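Numbers here are sequence positions counted from 1. Just so it is clear, the model here is predicted, and its values are computed rather than measured.
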Amino acid sequence: GLSFGYEDHNGGFNVILLKATDDQRSLEMQSPNSELTPMDNVVTSVSGKISIVKSLQLQAEYAISLLTRNVLLKDSTDQKRPFYYDLVTGNSSTTAKSAYNASLSYRFKTASVALKYERVAPDYLTLGGLFFNNDLENITLAPSVALFQNKWTISANTGFQRNNLNGGSATAQRRWVASINLTCQPIKGLSVNGAYSNFSSFTRRNPSAVPMYDPALDTMNFYQVSENYSTGINYAFGNKRKQAVSSNFAYVKSQNITGRLQDAGAFGFNTNGTSVPVDVYTGMAAYTLQFVNGLSLSCMGNYNQSVAAGLENTFFGPGMNASKALLNKELNLQTGATYNRQLAGTTLTNHVMNFRLGATYNPELWARLSKEKDKKFGKLALSLNGNYTQKFAVVGGSPSPTNLTVMMNLNYSF
């Protein structure tokens, strides 16, 4: 992977290139009926922003992904090969999909407003991420205002989303999206934030994509509403020994209204049927203590519970972190451990221990080499991180798998 760009006060650009491929021999055991196949992928993205006039800024990004879903397929030698096949071991399973977005924003003295557009083609996928939403189009409006000498900030985001862009999906969805966020700093060291969002969507069957579709028997149309509430508090205090206490809480309630929804409209109006609620509660609390010698200690706890149709699923556990700055803060060492348990009702279904160890080195090489201590040549950063996970057996005799991940990163900015 490679990312490079340039930016100044008038605008800038950035280019991303990624090549990823699966090792065909990496799976020692695989079912012959498995749909899992080795893939090959090349992705490129170009983004930029420019100030058209003072306070008016335009941003845009375009990405294209060349993906071969099964490199083992063999095409006929007489078949005409597109020029990009050599980049991704091309064959009949190779696709070229695009995604792009743009936004136009205007900033006032204490407020701003932005109009955003985003489109992701159906089946857009890259090996550069674990999950991608695709087959969607978004048009949103995002205003923001700062009050009381910028101590209070209120922002909102509302818009319209749809899928089935090429008409080939079995379902078509239209979705209204809205959210509002509030951030304030009533006193020194204390910050409070709160957010509310209401996401609604209506999904109906697409007869043209289902030849055996029978409207008289259809019960697949449904209207979904999801409400999200969240709040967070952070308080920092202390001089020689800086301390901080933080907590976050979130509540999500989802409902699916199913049945014969005859005339729901674009946003699911005039709906009727049954409602199946799902409630999710998430909480986190943490305490951090920082010493003048660069040592920082923290402890935290997390809790997550979901309730659906009378069934409870709970996930919780404590954790600890420590970090130490050395070599005039050029070297930073971090370590931490987390233990989590998962319950289905009152039955233990999973418990996992995780250990982390990392180091980040930011040498001031140019400042040492320059007689004027000038850092205009840039900064170099090197990091090395390890993550070890142990999943304990719940039932005697069952396996206890482990996983070790080591990652090194080199970054140069100028």
Please say whether more than 12 non-hydrogen atoms of neighbouring residues, nucleotides or ligands are located less than 6.0 Å from CG in D8. yes

Which heavy atom in [X] sits nearest to a heavy atom in [Y], and how many Å separate them?
X	Y	value
M39	R69	CG-O, 3.4 Å
S383	T360	CB-OG1, 4.0 Å
N14	F4	OD1-O, 3.1 Å
T68	S93	CG2-OG, 3.5 Å
N350	V352	OD1-CG2, 3.7 Å
A195	N181	CB-OD1, 3.1 Å

Test of ring centre spacing under 6.0 Å for F249 and Y251: no

Test your reading of the model: is there a side-chain donor-acceptor pair from [X] to the backbone of [Y], 3.5 Å cut-off?
X	Y	answer
N234	S191	no
T231	N193	yes
N328	E330	no
K19	L87	yes
T349	Q342	yes
D279	K253	no
Y62	S47	no

Do the non-hydrogen side-chain atoms of L410 and L380 ever get within less than 4.5 Å of each other? yes

Scan side-chain atoms only and decide if [X] and [Y] contain a donor-acceptor pair under the 3.5 Å cut-off.
X	Y	value
N228	S197	yes
N403	T405	yes
E118	N101	no
R356	N354	yes
T282	N304	yes

Checking E7, Q59, Q57 against K49 for side-chain hydrogen bond (donor to acceptor under 3.5 Å, both in side chains), the one that qualifies is E7

Looking at R162 and E137, is there a salt bridge between them, counting it only when a charged N and a carboxylate O are closer than 4.0 Å? yes

Check the pair H351 / N340 against side-chain contact (heavy atoms from CB on, under 4.5 Å), numbers first and verdict last. CA-CA 6 Å; H351 57 137; N340 285 291; over 6 Å; no

Going through the checks in order, is the side-chain contact (heavy atoms from CB on, under 4.5 Å) test met by V71 and Q24? CA-CA 9 Å; V71 299; Q24 301 179 23; 3.5 Å; yes

